[in-house]
Amino acid sequence: VLLAAYVGYLGMGAAVLQALERPVEVQVAQHLLRVYLEMLANHTCLQEPVLQRLIEGIIRAYKSGITLQGNTTSLGRWDYSGSFFFSISAITTIGYGNLSPSTAVGRIFCIVFALFGIPLNLVLLNKIGQLMLLGVQHCARRLEEVFHWQNKASFLMKTCALVTGLLLFLLLPPLLFSDKEGWSYEEGFYYSFITLSTIGFGDYVIGINPDRTYPSWYKNVISLWILFGMAWLALVIRFCINILE
């Protein structure tokens, strides 16, 4: 029964996503093909193999974080802050996919780094989660002693912890992303949940827009937000697991 529910849930998700996203995918593909053919028709001196090589070069450069800015290029994401943020995304298993090592030595190091980093990250998140739980339980005991509440104190503190976590990790960060990244609130909220749940699609990633100037503290603060937000969301997910079980 559990397996059937699991497969059914996946099937339902696939059907909804296909209905929502497939029409947009078809429109984008048709637009790309139309622009491609119009360029070849309007510039007869441009040969199709040459245009194809240019497109492939642009795609490879974009995947490496390099963009054209007039007659210069923007060297993108492998400065120290970008590399530090990549390390965070690796050991937290978010894995945005917008950036990855391109050298053989870099890939081997990434494997070894993640092999030891992922357990270290899980131990740290577990300790942070335990401290959060201890804080909630301590506050609940204090309320019971002061107001002589029994079950009400525990319920009240869990509700407060849930609301505080929602504000700090899901509802308020999109305002920062709107200011620094130019995203809408919905896009910032979507990025927040996709990041903290470690899904990490990579369609939205902070600090990579070459047209924007980011403060030096930005990625450091986001790294701390990811660390504590993942610990909080892990507690929420654990609570949901207990309900399902």
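Since this is a predicted model, take the numbers as computed values, not measurements.
A salt bridge does not link Glu56 with Arg53: every distance from a Lys NZ or Arg NE/NH1/NH2 to an Asp or Glu carboxylate oxygen is 4.0 Å or more.
One finds the OG1 atom of Thr93 at 7.5 Å from the CG atom of Asn121 (value rounded to the nearest 0.5 Å). Between the CZ atom of Phe86 and the OG atom of Ser100 there is a distance of 6.5 Å, given to the nearest 0.5 Å. Taking CG of Leu99 as the reference point, atom CD1 of Ile208 lies at 9.0 Å (rounded to 0.5 Å). Rounded to the nearest 0.5 angstrom, Leu227 CG and Leu124 CG are separated by 5.0 Å. Rounded to the nearest 0.5 angstrom, Gln30 CD and Glu25 CD are separated by 11.0 Å. Atoms CZ and CD1, from Arg238 and Ile243 in turn, are 13.5 Å apart once rounded to the nearest 0.5 Å.
Nearest heavy-atom pair across Cys110 and Pro101 is CB-CG, 4.1 Å. Between Pro173 and Leu167, the closest heavy-atom pair is CD-O, 3.7 Å. Minimum interatomic distance between Asn220 and Ser216 (heavy atoms only, all atoms of both residues): ND2-O, 3.6 Å. Taking all atoms of both residues into account, the shortest heavy-atom contact from Lys180 to Arg212 is O-CD, 3.1 Å. Taking all atoms of both residues into account, the shortest heavy-atom contact from Leu196 to Met230 is O-CG, 3.5 Å.
Considering only heavy atoms from C-beta on, Phe201 comes within 4.5 Å of Tyr190 through its side chain. With a 4.5 Å cut-off on side-chain heavy atoms, Leu134 and Gln137 count as touching. The shortest side-chain heavy-atom distance between Val16 and Leu20 falls under the 4.5 Å cut-off. No side-chain heavy atom of Ile222 sits under 4.5 Å from any side-chain heavy atom of Trp217. Looking at Leu171 and Tyr185, their side chains come closer than 4.5 Å, going by heavy atoms from C-beta outward. Under the 4.5 Å side-chain criterion, counting only non-hydrogen atoms from C-beta, Phe85 is in contact with Ile226. A heavy-atom distance below 4.5 Å is not found between the side chains of Phe84 and Lys219. For the pair Val50/Leu54, no side-chain contact is recorded, criterion being any heavy-atom separation below 4.5 Å from C-beta on.
Looking only at distances, a side-chain donor or acceptor of His43 sits under 3.5 Å from a matching main-chain atom of Met39. Of the possible polar contacts, one joining the Glu181 side chain to the Gly207 backbone as a donor-acceptor pair under 3.5 Å is found. Remark: side-chain polar atoms of Ser178 are paired, donor with acceptor, to backbone N or O of Trp183 under 3.5 angstrom. One N or O on the side chain of Glu187 and one on the backbone of Ser184 form a donor-acceptor pair closer than 3.5 Å. Here the side chain of Asn126 pairs no donor or acceptor atom with the backbone of Leu122 at under 3.5 angstrom. Here the side chain of Ser87 pairs a donor or acceptor atom with the backbone of Ser83 at under 3.5 angstrom.
Ring centers of Phe228 and Phe169: at least 6.0 Å apart, outside the cut-off. For Trp225 and Tyr218, the distance between ring centers is not under 6.0 angstrom.
Clustering ILVMFWY residues whenever any of their side-chain heavy atoms sit less than 4.5 angstrom apart, transitively, puts Leu33 in the very cluster that holds Ile55. Residues Val123 and Leu131 fall into different hydrophobic clusters, defined by Ile, Leu, Val, Met, Phe, Trp and Tyr side chains chained together at heavy-atom separations under 4.5 Å. The cluster map of Ile, Leu, Val, Met, Phe, Trp and Tyr, joined by side-chain heavy atoms under 4.5 Å apart, puts Ile206 and Ile194 in the same cluster. Follow the hydrophobic side-chain contacts under 4.5 Å out from Leu125 and you reach Ile241 in the same cluster. Cluster membership check: Leu166 shares its hydrophobic cluster with Ile128, using side-chain heavy-atom separations under 4.5 Å among Ile, Leu, Val, Met, Phe, Trp and Tyr.
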Test log, rule side chain to side chain contact (heavy atoms under 4.5 Å, CB included), inputs Leu176 and Leu172
CA-CA 7 Å; Leu176 176 63; Leu172 292 181; over 6 Å; no
Report the C-alpha distance between Phe193 and Leu233 in whole Å, list the side-chain angles of each, state the deciding distance to 0.1 Å, and finish with yes or no for side chain to side chain contact (heavy atoms under 4.5 Å, CB included).
CA-CA 9 Å; Phe193 182 80; Leu233 191 59; 4.3 Å; yes
From CA spacing to verdict: ring pair (Phe, Tyr, Trp, His ring centres under 6.0 Å), Tyr191, Phe177:
CA-CA 9 Å; Tyr191 167 79; Phe177 300 140; 5.1 Å; yes
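Within 6.0 Å of CZ in Arg22 there are 12 or fewer heavy atoms belonging to other residues, nucleotides or ligands. Shown here is Tyr36, whose OH atom has more than 12 heavy atoms of other residues, nucleotides or ligands within 6.0 Å. Counting non-hydrogen atoms of other residues, nucleotides and ligands closer than 6.0 Å to NZ of Lys158 gives a total of 12 or fewer.
In summary, the side chains of Tyr214 and Asn209 do not present any donor paired with an acceptor at a separation below 3.5 Å, with no hydrogens or angles considered.
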